[in-house]
Structures are given as C-alpha cells and as structure tokens.
**Q** 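I have a structure here, written as structure tokens, and I will follow up with some questions on it.
All of these numbers come straight from a predicted model, not from anything done at the bench.
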Amino acid sequence: MSLVTFIVPAYNVQDYIVECLESIMNQTSPNYDVVIVNDGSTDEHTTEICEKYKENFPKKIKYVYQKNKGLGAARNTGMKYVTTPWLVFLDSDDWIMPNYVEEFEKELKKFSEKQIDLFFTLPIIYENITGGCRDWYDKNLFYQIFYEGNRIVNPEIDKRIYSLEVNACRRIYRKSFLEELNFTFPEGVKWEDVYPHFYLLSHAVSCVGIQNIGFYYRTGTSGQITASTGKGRLDMIKVFAQTFEYILRNNLDKEIILIAMDLMVNFSRWSITVADVSTRKRLIRKLYLLYHSIPEQYIKEYCKVYRPENKYFIKAIRTSCLQWTMEDYLVKDIVVKMINKLKQRRGK
C-alpha cells in the first residue's frame, strides 16, 4: 500500500491539469496514489485528459466522474476512494514540488513515535501572468510556529497556528483523524476551506510544519474562485456564519475568536472591493446582520487590539446609516481619505 493519496478535483481545467498531474506522476518517490474527481467538466479536453491518465497509469490513478457539485463535494467524493494512511488535496490548476512525497517520507520517520494529525507545508505563489514566483503569505509566521521551538505544535497551546492561511491544499491529513471526526467539506458554497480550518484545528492535538515542500499556487486565472465578482461572493456569509456558530457554540478560546474575526474582516473588505455593484449592495446588507451576530464583548475586544482601519470598518458595517458609503467606490474612497485625515490629526 502507498503512503499518501493526492485528491485532484477537476472542472474545466484543460489548460492546467496536465501540469498538475505530471507533477504527481514524476515524483522522486513512487509511494503515492491519485484520485481524480471529474466534477462534470464541460470544456473540450478536461475529461479526455483525465481518462487518458487513468488509462496510462491504471495502478496509480483512480478516476471518478460525477455531475457538477462544486469543489467541496468533489473533495468529499475523492476521500471515499482513499486507501492510504495520509491524503492531500491538490487543486487541478496548481502543481506540487518534485520531491514532495520523498521529503514527506523523511519527515514522517522523524516523528514515527508520535501520532501526528496534520502536517503543514509551505507553498509558493506563482503569478500566472508574469511567470514569477513569490513567498507564501504566511511564511514568516510558519517559521515562527514550527521552527523556533518544539516542532510538534498543539493548537490548544499555541493558538497562532489558527492564523495560518486557511488553504486546505497546504496540509497533509492523517486519514484516520478525518475519519474519527466524520469530516466532510461544506458543499454548495465557495471558500469551503474556512470552516474546516477552525474545525480541524480545534480537534487536532499534534501538528508539524515541513518547510521544504508544498505546491505552486497559481494566481491570475479567470476561473479562480478568488476572481469571482458576482453573487458567489455572497457565499462568504454562509461560510463565516457556520464558522462562528461552531466557534461560539463550542466556547473556543477568545484568541481563536479574534483570529476568526480578523479573517472575516479582511475577507469582507476585500469582497466588497471586488464585488460588482449589485452584489456589493446585497453583500453589505448581509454583512450588517452577520457582524451583529457576533457578541458585543468580542467586537469591543477586537477593536482594541487589531488594526485601526479594521476597527473603522466594523463600526461602519454595523451602523446602518453608514453602509451606503461602501456601496460606491468613489464614496468609499472619500470616506477612507477622511478617516486617514482624522488619524493624522489625532497623531499630532
């Protein structure tokens, strides 16, 4: 039996999936399996490519076709076909480093006497337009958490781990850990990584970081979820509502609540900025309700310790008479300038 399975959901990615699958099939260690889940692709070649790889590598690749259900559902389908002790999710427009499996084998041996729940890898950002690469968003924090002390991190003790990027593909999961929790991704929504990030870490006892392996995260493609400007942006309401319902119901530590709030605030500001006009208006009204669902004590605590611009945003989004300032780019820019002037005056 192999060590790790790569679950690759595929939907209309004919331009990228060959690079993704080749990065797996050309690993320096053969100790892996692959599950490709074709999520109802309708483009010209994705299905053809997937079937070809299955034919060429019948002992390595399991291929599943299903009607389009979204990324979360495709990942859930893929998990049903995993027979290895470890698994990894890899989006089909990304690709992994050539020594990924080999280095994971080495790291696993170092912790053979411990039961690790999650391994965190360190991806690299690839700019699709320019062809350039840059460091992963949380590289500095990653090193602080995993390489400046005990390499086995318990999230209950070191809560900084909750501040790591929520991307589900940068982790290697112990299959039995997921099975014990009956874990599945949320289905029917975008940004399905957010809730699992907090849910899994709240149950994990031991996490380890591996600094020299990861995947190349492709940015700047039109089909990415992060490029969405329409009604899909509204999914963030469901995602964060579910996340906070879980966090508050289970009385997770205040520090975790504030980390989740900071993620939500930054995500809200970004989503408002990129959303089209009609979506932006609906999004702002729904955010008003979402932010009022957070207990006042955490709102006040957050505003004390996090960035001033985020504090002003929360006050604006929770005040009905100020919401209109966010519905138009020009008005929003004017308000930002006014806030900056007030901050400068207070600093004098």
**Q** Let's go through Leu71 and Glu192 carefully: what are the C-alpha distance in whole Å and the side-chain angles of both, what is the deciding distance for side chain to side chain contact (heavy atoms under 4.5 Å, CB included) to 0.1 Å, and is it a yes or a no?
**A** CA-CA 8 Å; Leu71 182 57; Glu192 63 290 309; 3.3 Å; yes
**Q** Compute the ring centroids of Phe177 and Tyr173, then answer whether they are less than 6.0 Å apart.
**A** no
**Q** In terms of hydrophobic clusters joined by side-chain contacts under 4.5 Å, are Leu263 and Val305 together?
**A** yes
**Q** Could you tell me whether Glu107 and Lys110 make a salt bridge, using a distance below 4.0 angstrom between a side-chain N and a carboxylate O?
**A** yes
**Q** Do Lys254's NZ or CZ and the ring of Tyr298 fall within the cation-pi criteria of under 6.0 Å and 45°?
**A** no
**Q** Taking the basic N atoms (NZ, or NE/NH1/NH2) and the acidic carboxylate oxygens, is any pair closer than 4.0 Å for Glu127 and Arg134?
**A**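 Here Glu127 pairs with Arg134 in a salt bridge, since their nearest N and O are under 4.0 Å apart.
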**Q** Would a 4.5 Å heavy-atom cut-off, applied to side chains only, mark Tyr32 and Leu3 as touching?
**A** no
**Q** Which pair of non-hydrogen atoms, one from Pro295 and one from Leu248, has the smallest distance, and what is that distance?
**A** CD-CD1, 3.8 Å
**Q** Check whether any side-chain N or O of Asn12 sits under 3.5 Å from a backbone N or O of Asp43 as a donor-acceptor pair, and report yes or no.
**A** yes
**Q** Side chains of Met261 and Tyr291: closer than 4.5 Å at any heavy-atom pair?
**A** no
**Q** Under a 4.0 Å threshold between the charged nitrogen and the carboxylate oxygen, would Glu103 count as salt-bridged to Lys106?
**A** yes
**Q** I'd like to know if Arg75 and Asp39 make a salt bridge, using a cut-off of under 4.0 Å between side-chain N and carboxylate O.
**A**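 Here Arg75 does not pair with Asp39 in a salt bridge, since their nearest N and O are not under 4.0 Å apart.
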**Q** Which pair of non-hydrogen atoms, one from Arg233 and one from Ala275, has the smallest distance, and what is that distance?
**A**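 Scanning both residues, the minimum pair turns out to be CG-CB, 4.4 Å.
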**Q** Kindly check if the number of other-residue, nucleotide or ligand heavy atoms within 6.0 Å of CZ (Arg269) is above 12?
**A**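 For Arg269, atom CZ is crowded (more than 12 foreign heavy atoms under 6.0 Å).
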**Q** Any chance the side chains of Asn38 and Thr47 put a donor and an acceptor closer than 3.5 Å?
**A**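 Looking only at side-chain atoms, Thr47 and Asn38 do form a donor-acceptor pair, the distance falling under 3.5 Å.
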**Q** Any chance you could lay out the ring-ring contact (aromatic ring centres under 6.0 Å, His included) test for Tyr246 and Tyr195, step after step, and finish with the verdict?
**A** CA-CA 9 Å; Tyr246 172 77; Tyr195 172 73; 5.7 Å; yes
**Q** For the pair Asp94 and Arg218, find out whether any cationic side-chain nitrogen is under 4.0 Å from an anionic carboxylate oxygen.
**A**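 Result for this pair is no, no salt bridge flagged.
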**Q** Identify the two heavy atoms, one from Val239 and one from Thr243, that lie closest to each other, and give their separation to 0.1 Å.
**A**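 In terms of heavy atoms, the two residues are closest at O-OG1, 2.8 Å.
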**Q** Answer yes or no: is there a donor N or O on one side and an acceptor on the other, between the side chain of Asn154 and the main chain of Glu156, under 3.5 Å?
**A**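 Present.
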**Q** Do Tyr302 and Ile294 touch side chain to side chain, with heavy atoms closer than 4.5 Å?
**A**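 Result no, sub-4.5 Å side-chain heavy-atom pair not found.
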**Q** Do the non-hydrogen side-chain atoms of Val4 and Asn31 ever get within less than 4.5 Å of each other?
**A** no
**Q** Would you kindly confirm whether Tyr137 and Ile124 end up in one hydrophobic cluster when ILVMFWY residues are joined by side chain heavy atoms under 4.5 Å apart?
**A**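 Shared cluster, no.
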**Q** Please check if Tyr162 and Tyr199 belong to a single hydrophobic cluster, counting links between Ile, Leu, Val, Met, Phe, Trp and Tyr side chain heavy atoms closer than 4.5 Å.
**A** yes
**Q** Go through it in stages, so that I can follow the logic: the residues are Lys175 and Glu179, the test is salt bridge (Lys or Arg N to Asp or Glu O under 4.0 Å), and I'd like the CA-CA distance, side-chain angles, deciding distance and then a yes or no.
**A** CA-CA 6 Å; Lys175 181 190 175 188; Glu179 290 176 334; 3.5 Å; yes
**Q** Hey, any chance Met97 and Tyr126 share a hydrophobic cluster, counting ILVMFWY side chains that come within less than 4.5 Å of each other, even indirectly?
**A** yes
**Q** Between Phe146 and Phe120, does the ring centroid distance fall short of 6.0 Å?
**A** yes
**Q** Test of understanding: clusters of I, L, V, M, F, W, Y form through side-chain heavy atoms closer than 4.5 Å, transitively. Do Ile247 and Met264 belong to the same one?
**A**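 Yes.
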**Q** Taking the six-membered ring where the residue is Trp, are the ring centres of Tyr217 and Trp136 under 6.0 Å apart?
**A** yes
**Q** Report yes if the side chains of Phe142 and Arg170 come closer than 4.5 Å at any heavy-atom pair, otherwise no.
**A** yes
**Q** Testing Trp95, Phe215, Tyr100 for side-chain contact (heavy atoms from CB on, under 4.5 Å) with Ser23, which one passes?
**A**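 Of all the options given, the one that passes is Trp95.
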**Q** Between Thr84 and Ser2, do the side chains contain an N or O donor and an N or O acceptor separated by less than 3.5 Å?
**A**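 The answer is no; no qualifying pair exists.
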**Q** Hydrogens and angles aside, do Thr46 and Gln14 bring a side-chain donor and acceptor to less than 3.5 Å of each other?
**A**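 No, no side-chain donor-acceptor contact under 3.5 Å.
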**Q** Does the plane of the ring in Phe183 sit parallel, tilted or perpendicular to the ring in Phe185? Use 30° and 60° as the thresholds.
**A**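 Phe183 and Phe185: perpendicular rings.
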